[in-house]
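What follows is one structure encoded as structure tokens, with my remarks underneath.
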Amino acid sequence: MKISVLGAGAIGSMLGGLIRYHDPAVELVLISRGAHGQAMRERGKLTLQGPWEDRTVDVTATDDMAAIAGSDHVLVTVKSQGTEQAIAAAAPFLGGAIVTSVQNGFSDNVLLQHVDPARLVMGITATNVTIPSPGTASLQFPGTLVVGPRPDGANRSAAGDVADVLGKTGFQVYQNDQIEGVRYNKLCINSPGYAASLSQTNFIADGVCNTPWRRAVGLPLVQECLDVFDAAGIPLVSIPKLPDIQKLRKFFRLLDNPIAGPVVRVGAKAIYNRRPIQFSLEQDLRRGNGTEVDYTIGEIVRVARAAGVD
């Protein structure tokens, strides 16, 4: 089996690397640029860090899109703002590959311009991966993956195949027929995290646990998302072991409880001062890169406009 990762940054390298680690028979191609891609090309290896001893896997890393030819699966993990350019360049070499988007942003329409709907699968991951140094991907929090078919079921067979392949990562993988609702649920959860990223604020310790921020920024953003998707008639779907927007709102309110709140805040700060959540948006801002905010928060704005609400 040949698996290629289009845009192998932190998430893409981790997913591809873990599949290769657990199934050495897989031929893995990582399409990657910059210092990270160069380090992997020079070494021919990728180092994986996580709740295990460092793992090193053999990889083929390149910036030549033709290298994906003959792939059975192509994972798209490129930043959303780069999707159009990347998928257009990859299209001549896709052949009959099943293409799976594992992206924060909503790039469905762009991908469908180049990929048969029966071979395009949308998925999400709830995990946190960083690149501490070129050639190394570090898992900060355990991963969960969710994939599912389109509402018309045209890609149901492909979605099942993708779930099997992603299961090789060792992450918990769920299939859900309401993948759109799962994706929008995650988008709601990320919205206050993106707001914290703008000021390089530790989302939990200095944001959520900070009463003025929570009341003036965090909770209103969560409520706005819920109101928008309610107006649009989009049901938000929960998945076991994945964060849930309703639970996040309850957590915000629990912190205002005069008895339980202080205890919860102390515990949360102890955990997240040690291991802060690093949103990809903040990582892009720190590097001076463009962000995919138009494809994340921008999607909420588009849904609101379509529903006729502000």
Side-chain angles (χ1 to χ4, degrees), residues 4-18 29-43 45-50 54 59 61-65 75-90 101-107 110 124-141 143 186-187 189-208 213 217 221 272-300:
S4 295
V5 181
L6 185 56
I11 290 291
S13 296
M14 180 60 69
L15 295 180
L18 285 174
V29 174
L30 302 180
I31 304 296
S32 183
R33 297 177 179 176
H36 181 59
Q38 182 178 349
M40 292 190 293
R41 285 195 296 275
E42 291 175 352
R43 294 169 52 204
K45 297 180 183 299
L46 166 68
T47 299
L48 303 175
Q49 296 178 343
D54 285 6
V59 298
T62 179
D63 57 5
D64 182 4
M65 204 65 79
L75 304 182
V76 180
T77 58
V78 68
K79 293 292 185 181
S80 299
Q81 67 270 25
T83 303
E84 186 168 8
Q85 181 180 1
I87 197 64
S101 167
V102 189
Q103 299 172 279
N104 287 321
F106 284 66
S107 305
V110 173
I124 67 164
T125 179
T127 186
N128 191 242
V129 183
T130 63
I131 298 178
S133 61
T136 298
S138 179
L139 179 65
Q140 304 298 301
F141 294 98
K186 185 192 175 192
L187 183 58
I189 293 167
N190 282 353
S191 63
Y194 290 156
S197 296
L198 294 176
S199 57
Q200 297 185 7
T201 299
N202 183 314
F203 175 47
I204 301 295
D206 300 318
V208 173
W213 188 95
V217 180
L221 272 172
Y272 291 102
N273 271 329
R274 242 183 9 254
R275 299 179 66 190
I277 296 173
Q278 292 182 299
F279 289 90
S280 59
L281 180 78
E282 182 174 349
Q283 295 175 47
D284 288 337
L285 289 170
R286 287 180 181 274
R287 297 186 188 112
N289 296 339
T291 75
E292 52 189 352
V293 70
D294 287 339
Y295 297 84
T296 52
I297 302 302
E299 177 68 12
I300 299 173

> Which is it for Y194 and F203 under the side chain to side chain contact (heavy atoms under 4.5 Å, CB included) test, yes or no, and what are the steps along the way?
Replying inline: CA-CA 9 Å; Y194 290 156; F203 175 47; over 6 Å; no
> Per the side-chain contact (heavy atoms from CB on, under 4.5 Å) rule, which among T77, V78, I11, V102 passes with V5?
Replying inline: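 Testing V5 for a side-chain contact (heavy atoms from CB on, under 4.5 Å) against T77, V78, I11, V102 leaves exactly one candidate, T77.
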> Please, which pairs that meet salt bridge (charged side-chain N to carboxylate O under 4.0 Å, His left out) have at least one residue in residues 191-200, sequence neighbours excluded?
Replying inline: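 Not a single pair qualifies under salt bridge (charged side-chain N to carboxylate O under 4.0 Å, His left out).
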Tell me every residue that passes side-chain hydrogen bond (donor to acceptor under 3.5 Å, both in side chains) with [X], counting only those two or more places apart in sequence or in another chain.
X: N128; result: none
X: S199; result: T201
X: T291; result: none
X: R43; result: T47

Do you know the tightest heavy-atom contact between [X] and [Y]?
X: I124; Y: K186; result: CD1-CD, 4.1 Å
X: I131; Y: A10; result: CD1-N, 3.6 Å
X: Q49; Y: P132; result: OE1-CG, 3.7 Å
X: M40; Y: A61; result: CB-CB, 3.6 Å
X: R41; Y: T62; result: CD-CA, 3.9 Å
X: S197; Y: L281; result: CB-CD2, 3.9 Å

>> Could you work out, with side chain to side chain contact (heavy atoms under 4.5 Å, CB included) as the rule, every residue matching D294, not counting sequence neighbours?
In response: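 Partners of D294 under the side chain to side chain contact (heavy atoms under 4.5 Å, CB included) test: none.
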> Which residues satisfy the side chain to side chain contact (heavy atoms under 4.5 Å, CB included) test with Y295, sequence neighbours excluded?
Replying inline: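 So Y295 forms a side chain to side chain contact (heavy atoms under 4.5 Å, CB included) with S80, Q81, S107.
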> In chain order, what residues pass the salt bridge (charged side-chain N to carboxylate O under 4.0 Å, His left out) check against R286, with sequence neighbours excluded?
Replying inline: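 R286 satisfies salt bridge (charged side-chain N to carboxylate O under 4.0 Å, His left out) with E282 once adjacent residues are dropped.
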> Given the rule in the side chain to side chain contact (heavy atoms under 4.5 Å, CB included) test, do L18 and L48 qualify, once you have shown the distances and angles that lead to the verdict?
Replying inline: CA-CA 8 Å; L18 285 174; L48 303 175; 3.9 Å; yes
> Hey, does F106 have a side-chain heavy atom less than 4.5 Å from the side chain of S101?
Replying inline: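 No, too far: nothing below the 4.5 Å cut-off.
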> Given I297 and S191, is the side chain to side chain contact (heavy atoms under 4.5 Å, CB included) satisfied, shown in steps?
Replying inline: CA-CA 7 Å; I297 302 302; S191 63; 3.7 Å; yes
From [X] atom [atom1] to [Y] atom [atom2], the distance as rounded to the nearest 0.5 Å:
X: N190; Y: N104; atom1: CG; atom2: CG; value: 6.0 Å
X: T136; Y: L46; atom1: OG1; atom2: CG; value: 7.0 Å
X: L187; Y: E299; atom1: CG; atom2: CD; value: 7.0 Å

Throw together a table of side-chain donor-acceptor distances under 3.5 angstrom for residues 30-39, partners on residues two or more places apart or in other chains.
unit_1 : atom_1 : unit_2 : atom_2 : d
S32    : OG     : A8     : O      : 3.0
H36    : ND1    : G135   : N      : 3.0
H36    : NE2    : S13    : OG     : 2.9
Q38    : NE2    : E42    : OE2    : 3.0

>> Show, in sequence, the C-alpha distance, side-chain angles and deciding distance for Q200 and L285, and conclude whether the side chain to side chain contact (heavy atoms under 4.5 Å, CB included) test is met.
In response: CA-CA 9 Å; Q200 297 185 7; L285 289 170; 5.7 Å; no
